[in-house]
A.B. asks: 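This structure is in structure tokens; I'll ask about it shortly.
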Amino acid sequence: MSIDSPSQDSAQHVFAQLKQSFASDRTRPLQWRQTQLRALQTMLKQHAEELITALNQDLGKPQTEAWTSEIGFLLTDIKHTLRHLKKWMRPQKVSTPIIAQPGKSAIYPDPLGCVLVIGAWNYPLQLTLAPCIAALAAGNCVLLKPSELAPATSGLIKKLIPRYLDNTAIAVIEGEKAQTTELLKQPWDHIFYTGGEAVAKIVMRAASEHLTPVTLELGGKSPCLVERSADIEVTARRIVWGKWMNAGQTCVAPDYIIVEECVKDALLKALKKEIRAQYTRQPLDNADYGKIVNQRHYDRLCGYLEHQNVYFGGETQADTQKIAPTIILDPASDSSIMREEIFGPLLPVLTTTQISESLNFVRQRAKPLALYLFTNDTKLERHVVNTVSAGSICVNDIMMFMTNANLPFGGVGASGMGQYHGKAGFEQLSHQKAVMIRKFWLDVAVRYAPFSSFKLTLLKKLL
Ligand code: NAD
């Protein structure tokens, strides 16, 4: 389905075609779902080079990052889904109460219908196609709207998807605010949105017009807590990897660090050493280090640097839109860098006497998408895992939970609603349909009028 000049008509038209396709039941069989997932797999493999080039154009992504966090991530998700899909689709039998005997009960995962996927720009391929994998696995029709802020990747998705997937059931519309607004007017069966909080509210408001359920994959400030018993060298290495991948433009990157006073200097020294080891002394000229997506975000991030105590980094390069890995010491809690999600290569480091005392600081703020804790203290680890609310918690590493397709991914509170990846995505985009099948041959009259005290006594026992 190729829409060159998206307008209200085309949004309506594409939606109507997808609706019609879903009504034909073509997307329900296991075989159709497997065929689409395999076609997506082939597309990613055959066009890996082109996709890597597009990701490099949009975000200066180095080849290794483009492979691991985008193409490789998707291939793993598809493989996992293909391996388990038949089992996930099986109706789950449940017991039937005596009042409904003879009868059988089961839960059938049922496709929702037509799903609108609105992708974000920071992992423009992964964040558009991972929800697509879930939607197809669950037997839905899907419309993909990649982010316009990553135009090379968006264009390639638009070009490749129709060549590989069932054009009657999967469509791509490129565009920005105007096109997305038109798409949001259609009565979708589900909207899967990844991006910031402000647009999430627009999406939810539009969805409410049709009582359309939404998945909102948002962001926020993900804290990273470093306690004195942590192995500081490994901690620093992992933080540098997770924070400065994609130049810090990762929804689950550590937004700020809280470190115990007694290991603060050691951590700062180790971070500095690791930044140099991973990105050299000239990170701005390093092909392994990404760029900021556009001028607006570059200016926003440069603004955060003003009036801050820069411990390390701070160099900026306007023509390439690059900002060096930067560590900022003890910013005021009311400064914009501590109020807003940074979503870039700046890392504030705050100090506390004891991590356990800083937990209130975390709890008083919006629930984070991810929370990181570095410690060898199992009591503290248990305490944090059991008492702090966050989309995901990762102890002694950054972002590695994303590599486990058995773990659901999603936020809580302001960091989002709904989950996906692996089975969670399949379930998110399926309706758990309750089915009871009865027989005619036994029809006890106890529940029918005329009622009597005997019937009531019996019903009380049976129900
Ligand atoms: P963005 O600018 O790419 O916007 C997201 C989508 O919303 C785009 O497709 C865009 O076209 C659409 N959009 C923009 N304005 C709109 C409007 N007025 N009406 C309708 N649609 C509109 O994304 P962003 O907001 O810059 O993304 C950054 C945020 O996304 C951060 O907060 C980050 O943490 C979050 N994020 C979350 C995840 C996750 O998986 N939870 C992943 C990546 C990013």
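For ligands, and for the atoms within them, numbers begin at 1 and follow the listed sequence. Note that the structure is a prediction, hence the values are computed from the model and not measured.
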A.B. asks: Give yes if a backbone or side-chain nitrogen or oxygen of Lys145 is under 3.5 Å from a nitrogen or oxygen of ligand 1, and no if not.
C.D. replies: yes
A.B. asks: Test your reading of the structure: does Tyr420 have an N or O sitting under 3.5 Å from an N or O of ligand 1?
C.D. replies: no
A.B. asks: Atom 42 (C) of ligand 1: which of Cys251, Ala198, Gly119 has the nearest heavy atom?
C.D. replies: Cys251
A.B. asks: Distance under 4.0 Å to a non-hydrogen atom of Thr194: what atoms of ligand 1 satisfy this?
C.D. replies: 5 (C), 37 (C), 38 (C), 39 (C), 40 (O), 42 (C), 43 (C)
A.B. asks: Would you mind listing every side chain to side chain donor-acceptor pair (under 3.5 Å) that reaches into residues 390-404, with sequence neighbours excluded?
C.D. replies: Asn404-Asn406
A.B. asks: Can an N or O of Gly196 be found at a distance shorter than 3.5 Å from an N or O of ligand 1?
C.D. replies: yes
A.B. asks: So is there a nitrogen or oxygen of Trp121 less than 3.5 Å from a nitrogen or oxygen in ligand 1?
C.D. replies: yes
A.B. asks: Closest by any non-hydrogen atom to atom 37 (C) of ligand 1: pick that one out of Leu216, Leu218, Asp255.
C.D. replies: Leu218
A.B. asks: Compute the ring centroids of His421 and Phe401, then answer whether they are less than 6.0 Å apart.
C.D. replies: no
A.B. asks: If the condition is ring-ring contact (aromatic ring centres under 6.0 Å, His included), which residues does Phe192 pass it with, not counting sequence neighbours?
C.D. replies: Tyr420
A.B. asks: Check this for me - ligand 1, Ser147, N or O atoms closer than 3.5 angstrom, yes or no?
C.D. replies: yes
A.B. asks: Which protein non-hydrogen atom lies closest to atom 34 (O) of ligand 1, naming both residue and atom, and how far is it?
C.D. replies: Glu341 OE2, 2.6 Å
